[in-house]
Amino acid sequence: MFCKRITVLFALLFSLTLVGCSGKTVEESKTLKSTFANHNLKAGTCVSGAMISDEEQRQVLLDNFSSITMENVMKPEAILDKNKSIETGEIAVEFNDEALSILEFAKENNLSMRGHTLVWYSQTPSWIFYEDFDESKNLVTRDEMLERMETFIRKTFGLIDELGYTDLFYAYDVVNEAVMEDGRMRDCLWKDTIGDDYVWYAFYYANKYAPESIDLYYNDYNEQLKTSALIRFAETLVDENGNYLVDGIGLQAHLYTQDSLITYFKTFDKLSAAGFKVEITELDVGLGSWNNPLEPTEENLKKQGDFYCALLKEVFKRVDEGTLNMDAVTFWGFMDTASWRSEYHPLLFDDTLSPKIAYDRIVNDLYDVAE
Ligand code: GLA
């Protein structure tokens, strides 16, 4: 009798362990964020207001991700306020309702945030570069533009703090996409007004106004094709004592299943050897190649699973061994239809929000730390 009771008790305890307090089975609790957490990494995604107001998408997001990046609403064109700048005579920064609701959503749900982005050639209004914020007038002088840049950066970090959200942020993309594959600086109005050292100033001001707790990133694409140029460039971003003004290099990782992973791993190793933190900031792996998108057949989706798995396996291995200093891997969304590259079916959930082969491969093959 006693034995029988003990057996029943053990059976009960065993099934409670399997089912867990949340009512989920152990198998179900293998999500992206628990898999990444096993390797001390945050799992991130970009978000829009539409994603968090749709109940199903919100649930997928909360189940799978521990970090978010705003897809658009913290970009310069969304936060620089023209009327207020004209009215006050200096650069004005405001967050719109969508940005505010995402910040609040992050706070309520304990999600960390990557800030994206301050100084960029794209999605940046041209009026900020002209006298009196009027594009029919002349471009402002270098000194005036430096003052505007400083005001922009000071007010952005100031507003985040004033609203009580500073603690959510662990990383910020201070400058996006300034370097070309051949190492030259990309032409843009920041460069035209300030000169080639505009990136140095952006990091100088960000260091001045961002709290220590936020890592400052230079973020770029085609990183595997311009790794040496990126390193040479980032090494010029130092203060008067020779300390890096940049904490890390953000790798956008807009990849294709036909890309070379060997080349990609070399990028990790070269950046790590140069002493930089690295983050994957906008990961998506399109089917095929840039000029040859493939259909989402079983075979192609399996290849995508292999690619994601091989990439993340090497990331996890390096992070686990301590040879890659990385806090997070951020995907550029999670549902194929909502992707900016939807024709390549690059994300982990299909159009009906069902996990794809790549998702299953990641959580099943990479959940455990390798022996
Ligand atoms: C770049 C930017 C992102 C986003 C994508 C396209 O990678 O850094 O913010 O605009 O392009 O969606």
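Numbering of ligands and ligand atoms starts at 1, following listing order. Every heavy atom of this structure was used, including side-chain atoms; hydrogens, water molecules and symmetry mates were not.
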Using distance alone, decide if ligand 1 has a nitrogen or oxygen within less than 3.5 Å of any nitrogen or oxygen in Asn219.
no
Using a plain distance cutoff, I'd like to know if His254 has any nitrogen or oxygen under 3.5 Å from a nitrogen or oxygen of ligand 1.
yes
Can you tell me if Lys84 uses its side chain to pair, donor with acceptor, with the backbone of Leu80 under 3.5 Å?
no
Does the ring of Tyr221 carry Lys226 above it, NZ/CZ under 6.0 angstrom from centre and within 45° of its axis?
yes
Using 4.0 Å as the upper bound for N to carboxylate O, is an ion pair formed by Glu150 and Lys208?
yes
Between Trp120 and ligand 1, which part of the residue brings a heavy atom under 4.0 Å of the ligand: side chain, backbone, both or neither?
side chain
With heavy atoms and a 4.0 Å threshold, my read on which part of Asn176 contacts ligand 1 is side chain
Measure up the Tyr205 and Tyr201 rings against each other and bin them: parallel (under 30°), tilted (30 to 60°), perpendicular (over 60°).
tilted
Just how far is it from atom CG of Leu118 to atom CE of Met74, taken to the nearest 0.5 Å?
8.0 Å
Any heavy atom of Arg341 closer to ligand 1 than 4.0 angstrom?
no
By salt bridge (charged side-chain N to carboxylate O under 4.0 Å, His left out) - contacts of Asp327 (at least two apart)
Lys277
Going by the atom numbers of ligand 1, which of them fall below 4.0 Å from some non-hydrogen atom of Gln123?
10 (O)
Would you tell me which option among His116, Lys75, Gln252 has the nearest heavy-atom contact to atom 4 (C) of ligand 1?
Lys75
Taking atom 3 (C) of ligand 1 as the reference point, the nearest protein heavy atom with its distance
Glu282 OE1, 3.4 Å
